[in-house]
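Atoms considered below: every heavy atom in the structure, side chains included; atoms not considered: hydrogens, waters and symmetry mates. First the proteins, then the strands, lettered A, B, ... as listed; each starts at 1. Because the structure is predicted, anything quoted here is derived from the model rather than measured.
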There are 2 protein chains.
Amino acid sequence: MRISTKAQYAVRAMVSLSLHGEGKPLALHDIATREAISLAYLEQLFVKLRRGRIVKSVRGPGGGYVLARPAVEIRVDEIIDSVEESLVPVSCMDDKGRCVCGDQCVSHAVWQGLGERVRQFLSSITLADLTRDAANKARTVLSDEC
Amino acid sequence: MRISTKAQYAVRAMVSLSLHGEGKPLALHDIATREAISLAYLEQLFVKLRRGRIVKSVRGPGGGYVLARPAVEIRVDEIIDSVEESLVPVSCMDDKGRCVCGDQCVSHAVWQGLGERVRQFLSSITLADLTRDAANKARTVLSDEC
DNA sequence: AGCATACCCGAGTAAAACTGTCAATTAATT
DNA sequence: AATTAATTGACAGTTTTACTCGGGTATGCT
């Protein structure tokens with residue numbers, strides 16, 4: 001079981017946008033250099049984030065991306081949902097979470113339960129939470145261990 | 001984020017072993033046919049399960065695998081640990097879960113928290129729980145939906 | 001108008017991971 | 001000795017990931 005860098009990038013980029021954007025459009029170029037993520041790859045992610053109604057785009061010079069909603073209303077599971085197929089896909093379930101296996105699926109309940117726990121946890125965290133933490137960390141960055 | 005079939009196979013195989021073994025060694029061949037998993041692949045998994053002290057091997061004719069401990073003392077997270085590298089690996093952490101990234105790791109706490117939740121959940125389920133469920137399911141298998 | 005900025009989009013690609021197979025070995029029982 | 005069955009390492013096909021590339025299109029500024 002693993003978390004893709006795609007999801008990690010998306011969350012990091014959103015924190016960066018929330019932290020340095022402050023209402024004004026922030027260009028992907030800024031996020032890319034600040035977070036050391038490839039610009040072309042970030043573009044891909046933000047297309048999905050826009051389709052997921054997490055951000056809005058502003059075209060033209062001086063343009064960039066803005067949060068589609070206040071940071072308090074953006075949950076981490078929404079960010080990951082926009083960027084990845086599903087939160088906890090298991091081979092014995094189809095797209096709607098229905099089990100398509102025969103009688104051999106005794107451990108089905110485990111994966112389903114796990115998926116619910118994961119979603120519950122990730123939906124309990126908002127972008128505002130992460131942004132606040134990041135701001136605190138930046139303030140005490142001098143001699144701090146990670 | 002996803003759960004590998006490797007982990008699913010391992011759990012299913014362990015349930016099968018616990019259900020049909022009953023103290024006597026059960027050959028991988030039996031599990032393979034019953035669960036419709038490739039024998040050669042099961043071999044790989046059981047090497048790891050043995051190293052993880054989840055099962056014991058009995059060589060020679062009539063041999064096979066036996067639970068290393070009572071099913072009540074085998075937790076699901078232990079099974080997955082034996083078979084996979086780590087439960088929730090994230091690129092910014094090293095083997096021991098320590099963060100090796102610089103100041104760019106604002107979302108670290110999210111993944112760490114998620115990992116703890118996942119482990120907490122999976123460690124609350126024992127092989128005995130799954131075996132009991134499987135036995136119940138087998139008894140009412142006639143007209144049941146999965 | 002023309003140009004620079006910045007988003008938009010599809011296709012392609014190299015590397016990694018996943019999912020297995022194969023062959024050869026070791027060891028215990030009959 | 002022959003047979004059964006676990007043990008091991010190397011290897012191969014496929015899929016996914018993590019990008020890059022090459023162009024577009026919208027917008028604002030001079």
Residue that, paired with A/Y65, satisfies side chain to side chain contact (heavy atoms under 4.5 Å, CB included) out of A/L26, A/L42, A/V58, A/L17
A/L17
Single hit among A/T131, A/L67, A/T126 for side chain to side chain contact (heavy atoms under 4.5 Å, CB included) with A/I74
A/L67
Heavy-atom closest contact (B/G52 atom, B/S82 atom, distance)
CA-OG, 3.8 Å
Check: A/S4/A/E84 side-chain N/O donor and acceptor closer than 3.5 Å:
yes
Using the closest heavy atom to pick a nucleotide of DNA chain D for each, name whichever of B/G63 or A/S4 lands nearer the 5' end.
B/G63
Let me spell it out: for each of A/L26 and B/K6, pick the nucleotide of DNA chain C with the closest heavy atom. Which residue's pick is nearer the 5' end?
A/L26
Can you see which heavy atom on B/P25 is nearest to which on B/G62, and at what distance?
CB-O, 3.7 Å
Could you walk me through whether B/I80 and B/K6 pass the side chain to side chain contact (heavy atoms under 4.5 Å, CB included) check?
CA-CA 9 Å; B/I80 299 181; B/K6 203 193 293 185; over 6 Å; no
Any side-chain heavy atom of A/F46 within less than 4.5 Å of one from A/I54?
no
Is there a path of hydrophobic side-chain contacts, each under 4.5 Å between heavy atoms of I/L/V/M/F/W/Y residues, joining A/L39 to A/L45?
yes
Check nucleotides 24-28 of chain D for protein N or O atoms closer than 3.5 Å to its own N or O atoms and list the pairs.
residue	atom	partner	partner atom	Å
D/dT25	O2	A/R59	NH2	3.0
D/dA26	O4'	A/R59	NE	3.3
D/dA26	O4'	A/R59	NH2	3.3

Could you list all N or O pairs between the protein and nucleotides 13-16 of chain D that sit under 3.5 Å apart?
none

Between B/L130 and B/V76, does a side chain to side chain contact (heavy atoms under 4.5 Å, CB included) hold up when you go through it step by step?
CA-CA 9 Å; B/L130 295 182; B/V76 173; 3.9 Å; yes
Taking atom CD of A/E43 and atom CZ of A/R50, what is their separation to the nearest 0.5 Å?
12.0 Å
Boundaries of the DNA chain C segment in contact with chain A, non-hydrogen, under 4.0 Å:
C/dA4 to C/dC18
Tabulate below the donor-acceptor pairs under 3.5 Å that side-chain atoms of residues 115-125 of chain B make, not counting sequence neighbours, or state none.
residue	atom	partner	partner atom	Å
B/R119	NH1	B/D77	OD2	2.9
B/R119	NH1	B/D81	OD2	2.9
B/R119	NH2	B/D81	OD1	3.2
B/R119	NH2	B/D81	OD2	3.3
B/S123	OG	B/R119	O	3.0
B/S123	OG	B/Q120	O	3.0
B/S124	OG	B/F121	O	2.6

Nucleic acid contacts of residues 39-52 of chain B, taken as heavy-atom distances under 4.0 Å to DNA chain D:
B/E43, B/Q44, B/V47, B/R50
Taking the inter-plane angle between the rings of A/Y9 and A/Y41 on a 0 to 90° scale, is it parallel (under 30°), tilted (30 to 60°) or perpendicular (over 60°)?
perpendicular
Can you list everything that forms a salt bridge (Lys or Arg N to Asp or Glu O under 4.0 Å) with B/R69? Sequence neighbours excluded, please.
B/E78
